[in-house]
Amino acid sequence: MGKNPEGAKMNDTPSGTPVSAVKDQVRVRMAPSPTGYLHIGGARTALFNWLFAKHHNGKFILRIDDTDTARSTDESMHEIYDALRWLGINWDEQYVQSERRNIYNRYVTQLIHSDNAYFCYCTPEELEDIRAQARADKQPRSYDRRCRHLTSEDLDRFIVVEDRRPTIRIKMPDTPIPVEDLVLGSRNIDPETLEDEVIVRSNGMPNYNLTSIIDDAEMQITHVIRGTEHLNNTPKQIAIANALGLKVPQFAHIPLVLDSSGRKMSKRHHGDLVAVNRYREQGYLPEAVLNFVVRLGWSYDDKQEIFSVDELIEKFDLERVGKSGSVFDIKKLEWLNSHYINQLSISARTDAVIPFWQAEGLINSTERRDWLEDIVEAVGERLTTLQDILPQTRYFFTDEFEYEPKAVKKWWGGSEEKREKTSEMLTNLLQILEEVPSFDIETVETAIWKYTDENDIKRVAAMQALRIALTGTSFGPSLFDIVALLGRDEVLKRIPKAIEHL
RNA sequence: GCCGCUAUCGUCUAGGGGUUAGGACGGAUGGUUCUCAGCCAUCAAACCGGGGUUCGAAUCCCCGUAGCGGUACCA
């Protein structure tokens, strides 16, 4: 029993869905559990699946694996939808496992009837002891399958006397299970190492290994693309499918996304550092995140790093997915992000940046659009993230800023007499700017250069001193752009204020 | 403990029986410039170890080692 159940000959699932209806069409799925936000590894899994589907003109299915009722929440379900939508990963069909319990129940009944599953009355405490013992004995399995052979006295005691609520376990076969993997290759799994997995909890809720493979069959999934953390589940799921006579999808296990010390990125250890939403909030563009994440484990050739979504769809291929884990390198993400930001037209970039100004309370809807665009243009290629717009431009909207201490020390001077000199210079510059006939870039530039050159002052010194006076910082767009954008009144107001501060 | 997977610059990777082992990010240096960013130029930086097979191994095989993943009534 167990190794080749009669059911294995069936072509159709018990629910009667004809497999032939979508024969040959690629169908893949992403099956997140809604126990938190979508994390970066999940986004990559989703992307690989989605690209694979798009490449083959297939369907991408979103399946919420929420059989862990204790941990699943509606909120995180919606967060996952949100994150996927933001990334532009759309799905063709959607299922929620907790709504499909009848389906799983039918299969469980089938497994019991065909003697491929059995009730297990062990308590968690007993299981822990069994596990400890197995470990001490260096056993390959941690459950000894004792409930496979229960006497009627045992059952009497468990059910009648002690009123135990049983779990249901699958009977693993005693023949090797061949596992084929599109990324990792083929191998045979020794049945001695296979656990009689719990497939239904004592509260009646089915478990992942059962629901996953049932749904893959029910939904006619052709390829299961998922992280290698699921590699050890694969033979178990295949065994369940075989016992049920279900068609087994092809598997492709993709390597893990690792942190800088080589460990798997996880919510548990990395907090919101791995949350897709965090990157959204910080001003990363979805194209950048997609482009970054796809190159974690996948490559096209030795020439191309930048891929548009259309190109990815065209070029993505499981054969070019590597086998080893990839470290998440934020620097590379930043590089890609600035690339994609710079790619945006000034108008689009302004649109992208406006929410960040608004969130900071720097602008409201009455702000002049062309002025904002001029600011964005002046900032130029200085944005790594959209959020960088704040330190780069805050001073355009308010004169309530700190004079950056380090900059002050360097350019205004650390000593009394140096400050005096700076004060004098700013006073002169103020006078020049007051007298300048017009406030356009060229006029101002000519006037200031004339002043520095005639007085043998280094251009850098004058400009940086002035920059701090106007912006509080030592970095940023061309100062002449800033002067023009700030306007005469504001400039002539800020310089005296700075002199005062000196 | 047990089971499994993996191994090319710091990182992402290309390549693969004979190559100066290629690219990108990051780093360093120089140039441009009012600063920063950018841009341009240059540089440093790798085939885990040991055995085989072979005329020849980073590449194929074996063995180690290391790292990682799993080992739940999570997914």
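Lettering follows sequence order; numbering is per chain, from 1.
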Inset, instruction - Would you mind telling me which of B/C25, B/U71, B/G4 lies closest to the side-chain atoms of A/L231? - result: B/G4
Inset, instruction - State the CD1-CG distance between A/I448 and A/D453, to the nearest 0.5 angstrom. - result: 11.5 Å
Inset, instruction - List in chain and number order the residues that pass side-chain contact (heavy atoms from CB on, under 4.5 Å) with A/D215, two or more places apart in sequence or in another chain; answer none if no residue qualifies. - result: A/R63, A/Q97, A/R100, A/Y104, A/E218, A/M219
Legend entry - Audit row: A/Y403, A/W411, ring-ring contact (aromatic ring centres under 6.0 Å, His included) steps and yes/no: CA-CA 11 Å; A/Y403 298 108; A/W411 297 108; over 10 Å; no
Inset, instruction - Could you check how far CG of A/D196 sits from P of B/C2, rounded to whole Å? - result: 21 Å
Legend entry - Between C1' of B/C3 and CG of A/D137, the distance in whole Å: 17 Å
Inset, instruction - Using a cut-off of strictly less than 4.0 Å, decide whether A/S212 has a side-chain nitrogen or oxygen near OP1 or OP2 of B/A75. - result: no
Legend entry - Any A/S299 side-chain N or O less than 4.0 Å from OP1/OP2 of B/A14: yes
Legend entry - G-U wobble or Watson-Crick pairing nucleotide for B/C74 (cut-off 3.5 Å, both distances): none
Legend entry - Among A/Y340, A/W298, A/F292, the one residue meeting ring pair (Phe, Tyr, Trp, His ring centres under 6.0 Å) with A/F307: A/W298
Using nucleotides 66-69 of chain B, report all nitrogen or oxygen pairs with the protein that are shorter than 3.5 Å.
{"from": "B/C68", "atom 1": "OP1", "to": "A/R263", "atom 2": "NH2", "distance (Å)": "3.4"}
{"from": "B/G69", "atom 1": "OP1", "to": "A/K264", "atom 2": "N", "distance (Å)": "3.2"}
{"from": "B/G69", "atom 1": "N2", "to": "A/N232", "atom 2": "ND2", "distance (Å)": "2.8"}

Inset, instruction - For B/C74 versus B/G69, give the span between their C1' atoms, rounded off to a whole number of Å. - result: 15 Å
Legend entry - Contact under 4.0 Å: A/R320 side-chain N or O vs B/G15 OP1/OP2: yes
Legend entry - Candidates B/G1, B/C73, B/U11 - which lies nearest the side chain of A/V327: B/U11
Legend entry - Selection from B/C5, B/C73, B/U71 that lies nearest to any side-chain heavy atom of A/R201: B/C73
Inset, instruction - Confirm from the modelled atom types if A/D66 and B/A75 form a donor-acceptor pair under 3.5 Å, side chain to base only. - result: no
Inset, instruction - Pick the P atom in B/U20 and in B/C25, then give their distance to the nearest Å. - result: 26 Å
Legend entry - Check: B/C2 base within 3.5 Å donor-acceptor of A/R135 side chain: no
Inset, instruction - Could you tell me whether A/S474 contacts a base, only the sugar-phosphate backbone, or nothing, with contacts defined as non-hydrogen atoms closer than 4.0 Å? - result: base
Legend entry - Side-chain-base donor-acceptor pair under 3.5 Å for A/E305 and B/G23: yes
Legend entry - C1' atoms of B/A44 and B/A28, separation to the nearest Å: 7 Å
Inset, instruction - May I ask which nucleotide in the shown strands pairs with B/A45, Watson-Crick or G-U wobble, both distances under 3.5 Å? - result: none
Legend entry - OP1 or OP2 of B/A75 under 4.0 Å from side-chain N/O of A/N207: yes
Inset, instruction - Using the P atom on both, measure B/C9 against B/C63 and round to a whole Å. - result: 24 Å
Legend entry - Spacing of A/F307 atom CZ relative to B/C12 atom C1', expressed in whole Å: 12 Å
Legend entry - Pairing partner of B/U65 (Watson-Crick or G-U wobble, both distances under 3.5 Å): B/A7
Legend entry - Partners meeting side-chain contact (heavy atoms from CB on, under 4.5 Å) with A/T446 (sequence neighbours left out): none
Legend entry - Reported CD1-to-NZ distance for the pair A/I468 and A/K409, which is rounded to 0.5 angstrom: 13.0 Å
Legend entry - Nucleotide paired to B/A21 in any strand shown, Watson-Crick or G-U, under 3.5 Å: none
Legend entry - Watson-Crick/G-U partner (both atom distances under 3.5 Å) of B/A14: none
Inset, instruction - Tell me, please, which residues at least two apart from A/R169 pass salt bridge (charged side-chain N to carboxylate O under 4.0 Å, His left out). - result: none
Inset, instruction - Please state how far atom CZ in A/F292 lies from atom P in B/U13, giving the value in whole angstrom units. - result: 10 Å
Legend entry - Gap between atoms CZ and C1', on A/F480 and B/U35 respectively (whole Å): 12 Å
Inset, instruction - Kindly assign one of parallel, tilted or perpendicular to the pair A/Y279 and A/F328, based on the angle between their ring planes and the thresholds 30° and 60°. - result: tilted
Inset, instruction - Identify whether any heavy atom of A/R165 sits under 4.0 Å from a base atom; if not, whether one sits that close to sugar-phosphate; answer base, sugar-phosphate or nothing. - result: nothing
Inset, instruction - Please state how far atom NZ in A/K332 lies from atom C1' in B/A24, giving the value in whole angstrom units. - result: 5 Å
Inset, instruction - Return the residues of residues 456-470 of chain A meeting this criterion: a heavy atom under 4.0 Å from some atom of RNA chain B. Order them by number, or give none. - result: A/R459, A/V460, A/M463, A/Q464, A/R467
Inset, instruction - Find the distance between CG (A/L386) and CG (A/L285) and round it off to the nearest 0.5 Å. - result: 5.0 Å
Legend entry - Residue matched to B/A58 through Watson-Crick or wobble contacts both under 3.5 angstrom: none
Inset, instruction - Could you tell me the separation between the CG atom of A/L246 and the CG atom of A/D216, rounded to the nearest 0.5 Å? - result: 10.0 Å
Inset, instruction - Identify whether any heavy atom of A/G380 sits under 4.0 Å from a base atom; if not, whether one sits that close to sugar-phosphate; answer base, sugar-phosphate or nothing. - result: nothing
Inset, instruction - In whole angstrom, give the distance that lies between atom CD1 of A/I199 and atom C1' of B/C74. - result: 16 Å
Legend entry - Nearest-angstrom distance, P atom, B/C48 to B/C73: 39 Å
Inset, instruction - Return each pair, listed once, that meets side-chain hydrogen bond (donor to acceptor under 3.5 Å, both in side chains) where at least one residue sits in residues 462-486 of chain A; pairs must be two or more places apart or across chains. - result: A/Q464-A/R467, A/T471-A/T473
Inset, instruction - Could you give the distance separating B/G22 and B/C55 at their C1' atoms, to the nearest angstrom? - result: 27 Å
Inset, instruction - Using both distances under 3.5 Å as the test, list the Watson-Crick or G-U wobble partner of B/C34, or none. - result: none
Legend entry - side-chain N/O A/R268 vs B/A75 OP1/OP2, d < 4.0 Å: no
Inset, instruction - Please confirm whether A/R141 makes a cation-pi placement over A/Y143, using NZ or CZ under 6.0 Å from the six-membered ring centre and within 45° of the ring normal. - result: no
Inset, instruction - Determine the interplanar angle of the A/H253 and A/F251 rings, folded into 0 to 90°, and report it as parallel if under 30°, tilted if 30 to 60°, perpendicular if over 60°. - result: parallel
Inset, instruction - Taking only the side-chain heavy atoms of A/S324 (C-beta and beyond), determine which of B/U6, B/C36, B/C34 contains the nearest atom. - result: B/U6
Legend entry - Contact under 4.0 Å: A/T67 side-chain N or O vs B/A75 OP1/OP2: yes
Inset, instruction - Would you mind classifying the nucleic acid contact of A/C122 as base, sugar-phosphate or nothing, using non-hydrogen atoms under 4.0 angstrom? - result: base
Inset, instruction - Determine whether any donor atom in the side chain of A/S202 lies under 3.5 Å from an acceptor atom in the base of B/C73, or the reverse, and answer yes or no. - result: yes
Inset, instruction - Could you check whether A/P140 gets within reach of a base, just the sugar-phosphate, or nothing at all, counting any heavy atom under 4.0 Å? - result: sugar-phosphate
Inset, instruction - Verify the contact: side-chain N or O of A/R141 to OP1 or OP2 of B/U71, cut-off strictly under 4.0 Å; return yes or no. - result: no
Legend entry - Whole-Å distance separating the CD atom of A/E445 from the P atom of B/U35: 13 Å
